[in-house]
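So the structure is just underneath, and the comments pick up after that.
Source: prediction; values computed, not measured. The figures here come from the full heavy-atom set of this structure, side chains too, leaving out hydrogens, waters and symmetry mates. Throughout, protein chains are lettered first and strands after them, A, B, ... in sequence-line order, and every chain is numbered starting at 1.
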Amino acid sequence: MLLKRTHTCGELTKEHVGQTVALNGWVDAWRDFGGLVFIDLRDRYGVTQVVFEPEAGADLQSQARELRNEYVVGIRGTVAARLPGKENPKLKTGAVEVRAVELSVYNASPTPPFEINGPEPNEELRLKYRFLDLRRPELQRVFILRHEIGQLMRRVMTEMNFLEVETPVLGRSTPEGARDFLVPSRVHPSHYYALPQSPQLYKQLLMVSGFDRYFQIARCFRDEDLRATRQPEFSQLDVEMSFVEDEDVMTMMETLVAAMAKQFGGEELKLPLYRIEYHDAMERYGNDRPDLRYGLELKDVADVAEETEFRVFQQAKEAGYRIRGICAPGGAEKYSRKDLDGLTEFAGSFGAKGLVWLKVEAETFAGPTAKFFTKPEVQAKLRERFDAKAGDLILIVADTQAVTSQALSNLRARLAAELEMYDPRSFHYSWVIRFPLLAWDADENRYVAEHHPFTMPMAEDLPLLDTDPAKVRAQAYDLVVNGEEAGGGTIRCHDPVIQSKIFALLGLTPEEADEKFGFLLSALRNGAPPHGGIALGYDRLVMLYAGLTNIRDCIAFPKTAKGTDLMTGAPGTVAARQLRELHIRPNLD
RNA sequence: GGGGAUGUAGCUCAAUUGGUUAGAGCACCGGCCUGUCACGCCGGAGGUUGUGGGUUCGAGCCCCAUCAUCCUCGCCA
């Protein structure tokens, strides 16, 4: 029988003393004292202690004695103040307990595969029994936070006059970008829908339709290999607006970012947020999404290297390599020779063929290559370049632009963490702007879009489209939080002539462009307003504000690194009949 | 597709150099207990050491293969 609840397990206080209440929930713990039985009852609001006393009758007590962890029950009883000195300050409801007069067991439960309030089980088990895993208060807290972040997004966007519109999940495959998830059409043999990588084109079309300010918390799909912060399906706050340039989109988005920072980061943000151009970010941090909670900037030391007798540097110069480094304050004391070998190996994992390290001492440098850096002017220049003091550690990589950037930016992040150069609970928000429009793809022997193919070049760079496309900067902006890309967007190309020119640079013939994007070009020709937008990674923001390092814990039913669902068994096989209907013959080679 | 880590009781972990009967805490089962909330006390049960092969007098430990999970490179407009 259902004992319909009058309160949740998180709300009873001294004010309720004397009331008759009913609670529903799961048995979180039981303590049997023979004459007295305690049950901790849990729901998503909290835990309340229920006591079964002898006065309630032997039958009820013996029923209570049968209860085990994770049984789902309803109880009716009277709220009583706890005996003086017996309050539990760890519980919101710890000042009271419910003296049970009635118990209804809705469902028994076997001994669970792991303890809901015990140590965190391994992830395989958690994912297999996700419905139990999600009972754990740590995870419940994440999903409550996720809901609150979503609500804040909807409220702030609505206040700024944005309209929520849904776009299709079944769309058509686009040739650029990530691999698509495909859905075969039953009605049209050999034709396939694609799940959206983002609602990009639809939201642009909504601008052409005059919807002016659109948003959506949209599910996106990408069939690429997964990582700690990457799932095949994820959600983003997708935004598009008309009659704007890049500053307008950033300013608008800062309103939301400030609201989130205030509510979830406990911080009053100073606006506008710091902006850094892509080129400067790459130069100073070797990364287009630098973590700016700490300095540790990259410095070019090619000119100093030239003055040394170090062969590695001379060969680097001949190869046209860059010679760059960072200086870790206090690093010489922190890192042993063995640690430094570890750092060298770490740099090697990003392609660096070596890592020059110099321990800065009062008068000299120490280290296996220090003998190449003994000239007074070399010493002085390096100290000045890195603002190096005794006890610091200078790390130098000589390699291509890409390798020095990758190796040093990763070293930078690692050193800052290990040397505790920032508060890991703090947040730093910034914009990286003016990305290159195009990147040269040597494998495909053509340009590919750095962001996506619908991006507007910066007006002053438009002439370069014809002369030096690689130099064209885009009206693009990424929101970076703590070294993670929290979102990104662009001003779109609303001019069909420029759009066609970009398609051509991407290696699309006019016919191909028309075949793939004819509807977009048509829309652009039919009164497309200047427009642009942005998308914020919803799951990533939840992860950030929840203090997590893994996106799976921000998604109720996530996939493993190989894209499987350990609970449902997806992806699974299907009946031959289903395949026949879809005109698919499996290739079992 | 490549690299790395892990896999021991239901769970979290331990097990020295390859050497006795693979241990502990929690959970579980039985008993006792009227104020616990990490209850306590007494007793008990629970293991094909992921799987398959190999080396060895002897393998949780060494070798090979394989599976799973995690991290990572490539990839991710």
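Where E224(A) and P112(A) meet RNA chain B, the nucleotide closest to each residue was compared, and P112(A) sits on the side nearer the 5' end. Summary of the strand contacts: N550(A) and S198(A) both lie near RNA chain B, and taking for each the nucleotide with the nearest heavy atom, the more 5' one is attributed to N550(A).
For the pair K353(A) and D399(A), the salt-bridge criterion is met [side-chain N within less than 4.0 Å of a carboxylate O]. The pair D40(A)-R31(A) meets the salt-bridge criterion, with a side-chain N (NZ, NE, NH1 or NH2) lying under 4.0 Å from an Asp/Glu carboxylate O. Remark: K86(A) does not engage E97(A) in a salt bridge, criterion side-chain N to carboxylate O under 4.0 Å. With respect to the salt-bridge test (charged N to carboxylate O, under 4.0 angstrom), the residues R42(A) and D28(A) qualify. For R136(A) and E138(A), the salt-bridge test passes: some basic side-chain N is under 4.0 Å from an acidic carboxylate O. Between E123(A) and R552(A) a salt bridge is recorded (basic side-chain N to carboxylate O distance below 4.0 Å). With salt bridges taken as basic N to acidic carboxylate O contacts below 4.0 Å, none links R44(A) and E11(A). Between R230(A) and D539(A), no side-chain nitrogen of the basic residue sits less than 4.0 Å from a carboxylate oxygen of the acidic one, so the salt-bridge criterion is not met.
Aromatic ring pairs are classed by plane angle as parallel below 30°, tilted from 30° to 60° and perpendicular above 60°; the pair F131(A) and Y129(A) is perpendicular.
In this structure, R322(A) contributes its side chain and V403(A) its backbone to no donor-acceptor pair below 3.5 Å. In this structure, the side chain of Q140(A) engages the main chain of L134(A) through a donor-acceptor pair within 3.5 Å. Under a 3.5 Å cut-off, the side chain of R65(A) and the backbone N or O of V37(A) do not form any donor-acceptor pair. Looking at K203(A), its side chain does come within 3.5 Å of a backbone N or O of V239(A) through a donor-acceptor pair. Remark: side-chain polar atoms of D565(A) are paired, donor with acceptor, to backbone N or O of T568(A) under 3.5 angstrom.
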Under 3.5 Å, which protein N or O atoms sit close to an N or O of nucleotides 1-6 of chain B? Give each pair with its distance.
| from | atom 1 | to | atom 2 | distance (Å) |
| --- | --- | --- | --- | --- |
| G1(B) | O6 | D225(A) | OD2 | 3.3 |

Shorter than 3.5 Å, N or O on both sides, protein versus nucleotides 23-25 of chain B: list them out with atom names.
none

Distances for protein N or O near nucleotides 47-49 of chain B N or O, under 3.5 Å:
none

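In a base pair of the Watson-Crick type (N1 to N3 plus N6-O4 or O6-N4) or a G-U wobble (N1-O2 and O6-N3), with each distance short of 3.5 Å, C13(B) is matched with G23(B). Nucleotide G60(B) is matched to nothing when pairs are restricted to Watson-Crick or G-U wobble geometry with both distances under 3.5 angstrom. Pairing for G43(B) is with C29(B), a Watson-Crick or G-U wobble pair whose two hydrogen-bonding atom distances lie under 3.5 Å. Judged by Watson-Crick or G-U wobble contacts below 3.5 Å, the nucleotide C70(B) has G4(B) as its partner. The partner of U55(B) is absent, by the rule that a Watson-Crick or G-U pair needs both atom distances under 3.5 Å. With a cut-off of 3.5 Å on both Watson-Crick or G-U wobble distances, the partner of A38(B) is given as none.
Between the P atom of C70(B) and the CD1 atom of I551(A) lies a distance of 14 Å, rounded to the nearest Å. Counting to the nearest Å, the C1' atom of C76(B) and the CD atom of Q197(A) are 9 Å from each other. To the nearest angstrom, P of U12(B) lies 14 Å from CG of N117(A). The separation between F114(A) atom CZ and C28(B) atom P is 15 Å, rounded to whole Å. Look at CG on L125(A): it is 12 Å from P on C13(B), rounded to the nearest Å. In this entry the distance linking CG of D180(A) with P of C75(B) reads 18 Å, nearest Å. Atom-to-atom, CZ of R289(A) to P of C76(B) comes out at 14 Å; the value is rounded to the nearest Å. Following rounding to the nearest Å, E70(A) (CD) and G10(B) (P) show an atom-to-atom distance of 19 Å.
Across A15(B) and C76(B), the matching C1' atoms stand 43 Å from one another, rounded to whole Å. Straight-line distance between the C1' atoms of G58(B) and G18(B): roughly 8 Å, to the nearest whole Å. When the C1' atom is compared between G50(B) and U69(B), the two are found 11 Å apart, to the nearest whole Å.
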Listing, residues 481-488 of chain A side-chain donor-acceptor contacts under 3.5 Å, not counting sequence neighbours, or none:
| from | atom 1 | to | atom 2 | distance (Å) |
| --- | --- | --- | --- | --- |
| N482(A) | OD1 | H428(A) | N | 2.7 |
| N482(A) | ND2 | S426(A) | O | 3.0 |

Please tabulate, for side-chain N and O atoms in residues 404-411 of chain A, each donor-acceptor pair with protein atoms closer than 3.5 Å (sequence neighbours left out).
| from | atom 1 | to | atom 2 | distance (Å) |
| --- | --- | --- | --- | --- |
| T404(A) | OG1 | R324(A) | NE | 3.4 |
| T404(A) | OG1 | R324(A) | NH2 | 3.4 |
| T404(A) | OG1 | T400(A) | O | 2.9 |
| T404(A) | OG1 | Q401(A) | O | 3.0 |
| S405(A) | OG | R324(A) | NH2 | 2.5 |
| S405(A) | OG | Q401(A) | O | 2.9 |
| S409(A) | OG | S405(A) | O | 3.0 |
| S409(A) | OG | Q406(A) | O | 3.3 |
| N410(A) | ND2 | Q406(A) | O | 2.8 |

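Among residues two or more places apart in sequence or in another chain, the side chain to side chain donor-acceptor pair (under 3.5 Å) test is passed with D246(A) by none. Partners of D180(A) under the salt bridge (Lys or Arg N to Asp or Glu O under 4.0 Å) rule, at least two apart in sequence or in another chain, do not exist in this structure. Legend: residues meeting salt bridge (Lys or Arg N to Asp or Glu O under 4.0 Å) with R446(A), ordered by chain and number and at least two apart, are E176(A), E444(A).
In the interface, the side chain of R230(A) is paired with the base of C76(B) through a donor and an acceptor atom under 3.5 Å apart.
Residue pairs meeting the side chain to side chain donor-acceptor pair (under 3.5 Å) criterion with at least one member in residues 73-85 of chain A, sequence neighbours excluded: R76(A)-E102(A).
Note on R68(A): a side-chain N or O is less than 4.0 Å away from OP1 or OP2 of C29(B). One finds no side-chain N or O of R540(A) lying less than 4.0 angstrom from the OP1 or OP2 phosphate oxygen of C76(B). Residue N122(A) places at least one side-chain N or O under 4.0 Å from the OP1 or OP2 atom of U12(B).
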Per-nucleotide protein contact along nucleotides 33-41 of chain B, 5' to 3', at a 4.0 Å heavy-atom cut-off (B base, S sugar-phosphate only, - neither), is BBBBBSB--

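Interface residues of residues 488-511 of chain A facing RNA chain B, ordered by number: none; criterion, heavy-atom separation under 4.0 Å. Across residues 554-571 of chain A, T560(A), A561(A), K562(A), T564(A), L566(A) each have a non-hydrogen atom less than 4.0 Å from an atom of RNA chain B (numbered order).
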Evaluate ring pair (Phe, Tyr, Trp, His ring centres under 6.0 Å) for F454(A) paired with F517(A), printing each intermediate quantity in order. CA-CA 10 Å; F454(A) 321 111; F517(A) 301 115; 5.3 Å; yes

